Colleague: 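This is the structure I want to talk about, given as structure tokens.
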Amino acid sequence: MKKYKFYLPVLLLILASCNKKFLDLTPVSTIAPGQFFKTASDAVTAVNGCYASLAQGSQYGSTFEVLMEARADNFTDQDPSSNAGQNYQINRYSDNPGNTNFYNAWVGVYNGIFRCNTLLTAIDGINMDESLKNRIKGEARFIRALSYFNLVRLWGPVPLLTTAVDPVQAATLKRDDVAAVYKQVEEDLTFAAANLPATYAATELGRVTNGAAKGLLGKVYLYQKKYAAAQTVLQEVIDNKVFTLLPKVADVFSTTNKYNAEILFAVRYAKGVANQDHGFWYANSQTITVDTTLLKAYNAADLRRPLSESVKPAGNANMMPRKFVDDPVNGNAGNDFPVLRFADVLLMQAEVLNEVGYSTGGNAFTYLNMIRTRAGLSTLSSTDLPDQTSFRNEIYLQRRLELPFECDRWFDLVRTNRAVAEILVNKKVTLPAFRLIYPIPQQEIDIMNNKATFPQNQGYD
């Protein structure tokens with residue numbers, strides 16, 4: 001008899017009290033949806049649980065840093081034995097479908113989607129203010145969109161669910177086309193952008209805004225090379241002037257200045273508060289070091305270089321990038337994890353404008369130079385970057401220097417078709433093309449047991 005594990009998450013581990021500030025994610029007992037979803041307060045509490053899924057160790061709390069950063073060329077893992085060598089295997093491209101990182105992330109993300117779907121299914125039955133209802137829907141749909149964006153980038157075709165499913169239904173699931181997944185992501189983010197506010201009160205800081213939804217939608221368009229659509233939505237984020245670059249790049253990551261004007265969306269943590277401190281993989285790993293190729297890529301005058309250096313926080317034996325140092329306690333840090341920030345938006349828009357059509361003037365150079373100037377570097381002109389190719393390469397370089405360790409580098413390499421070449425140069429390792437996406441966890445392959453509708457990714461059979 002089959003055991004259907006695929007969608008058997010615990011029903012909504014509600015991790016927030018609606019009577020407290022948004023960040024106060026105090027655990028309460030599990031409640032069945034039919035009994036729980038009755039009031040507006042119930043809906044707020046439930047959407048807080050959706051946010052909390054992102055903070056778990058299976059996502060931004062730990063595993064994503066392994067899958068999205070260790071895979072690329074900003075880190076080197078020196079230990080083939082820790083964690084049964086599984087992180088090392090991912091870093092060195094020798095992983096297999098049985099690697100527990102894959103199963104943990106797969107289940108963690110789908111549990112978060114389950115929370116969103118359960119809320120979205122139930123909320124229309126609640127008699128509550130319509131604007132608040134639509135805001136909560138927008139928050140849940142943003143989180144679902146982010147979750148599917150991560151899934152499709154990690155694994156390619158994945159099951160696309162917009163309602164909660166039971167174990168019997170789970171037995172019939174198939175891997176949906178990448179295009180279908182992206183279509184749903186776009187629809188969710190479009191709804192979120194139309195129904196979320198531009199800002200929140202201080203007690204609600206960390207909730208998704210319409211600017212965050214538009215920024216992520218612009219990134220989704222960029223990944224699909226829908227440059228015209230990306231240009232429109234990213235320009236809206238820039239022109240709205242809700243977000244801005246901080247004068248000093250180091251201040252972006254200060255734990256005394258969290259969720260500052262540069263942060264569109266971050267996964268929130270608070271050290272010393274139950275269930276809120278960050279089990280940072282960067283703080284817990286004893287074997288990773290920042291790769292020398294990254295450090296050598298910085299100009300000596302670049303103010304971002306010190307943020308990328310490996311340092312030992314006080315009271316901790318492990319090395320971690322300076323930008324995330326928060327003097328961890330027992331490996332737990334209280335700094336937020338930035339999922340999307342304004343520097344990324346500017347670099348994306350500069351890239352998009354260049355892809356639409358290189359110009360010797362205009363906003364593409366303006367946005368690129370905003371990033372360079374903040375970093376302490378000189379501005380560039382068409383004399384320095386005389387064509388589309390040279391401008392494109394400068395954008396790629398600035399993305400690596402501006403966004404290391406923020407779960408962008410690996411995906412940037414893959415989406416721009418540079419992964420194989422860059423890994424060979426920087427890590428002296430041959431990267432087989434099939435490893436540009438990960439294997440479906442072996443546990444899921446065994447459970448579904450249907451090669452026609454639920455096949456393993458090519459190369460991992």
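From a predicted model like this one, the values you see are computed outputs, not experimental measurements. Numbers here simply count residues along the sequence, with the first being 1.
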Colleague: Under the side-chain hydrogen bond (donor to acceptor under 3.5 Å, both in side chains) test, which residues partner K323, sequence neighbours left out?
Modeller: E406
Colleague: In chain order, what residues pass the side chain to side chain contact (heavy atoms under 4.5 Å, CB included) check against T172, with sequence neighbours excluded?
Modeller: none
Colleague: Going by the rule side chain to side chain contact (heavy atoms under 4.5 Å, CB included), which residues pair with T366 if we only count those two or more places apart in sequence or in a different chain?
Modeller: N363, M370
Colleague: Using modelled atom types and a 3.5 Å cut-off, is there a donor and acceptor pairing between side-chain atoms of R144 and backbone atoms of D188?
Modeller: no
Colleague: Which residue pairs pass the salt bridge (charged side-chain N to carboxylate O under 4.0 Å, His left out) test when at least one of the two sits in residues 117-127, sequence neighbours left out?
Modeller: D124-K137
Colleague: W106 and F102: aromatic ring centres closer than 6.0 Å?
Modeller: no
Colleague: Would you please name every residue forming a side chain to side chain contact (heavy atoms under 4.5 Å, CB included) with P432, sequence neighbours left out?
Modeller: F434, R435
Colleague: The criterion is side-chain hydrogen bond (donor to acceptor under 3.5 Å, both in side chains); which residues satisfy it with R409, sequence neighbours excluded?
Modeller: D73, E422
Colleague: Quick one: list whatever passes side chain to side chain contact (heavy atoms under 4.5 Å, CB included) with A43, sequence neighbours left out.
Modeller: L119, I123, I126, M128, I136
Colleague: For residues 342-363, which residue pairs pass the ring pair (Phe, Tyr, Trp, His ring centres under 6.0 Å) check, not counting sequence neighbours?
Modeller: none
Colleague: Please enumerate all residues that pass side-chain hydrogen bond (donor to acceptor under 3.5 Å, both in side chains) together with T379, with sequence neighbours excluded.
Modeller: none
Colleague: Which pairs, with at least one residue in residues 234-248 and sequence neighbours excluded, count as a salt bridge (charged side-chain N to carboxylate O under 4.0 Å, His left out)?
Modeller: K214-E236
Colleague: For a salt bridge (charged side-chain N to carboxylate O under 4.0 Å, His left out) with E139, tell me which candidate from K133, R207, R115 qualifies.
Modeller: R207
Colleague: Salt bridge check: are R399 and D344 linked by an N-O gap of less than 4.0 Å?
Modeller: yes
Colleague: The criterion is side-chain hydrogen bond (donor to acceptor under 3.5 Å, both in side chains); which residues satisfy it with R415, sequence neighbours excluded?
Modeller: E351, D412
Colleague: Show every ring pair (Phe, Tyr, Trp, His ring centres under 6.0 Å) that has at least one partner inside residues 210-243, sequence neighbours left out.
Modeller: F149-Y223
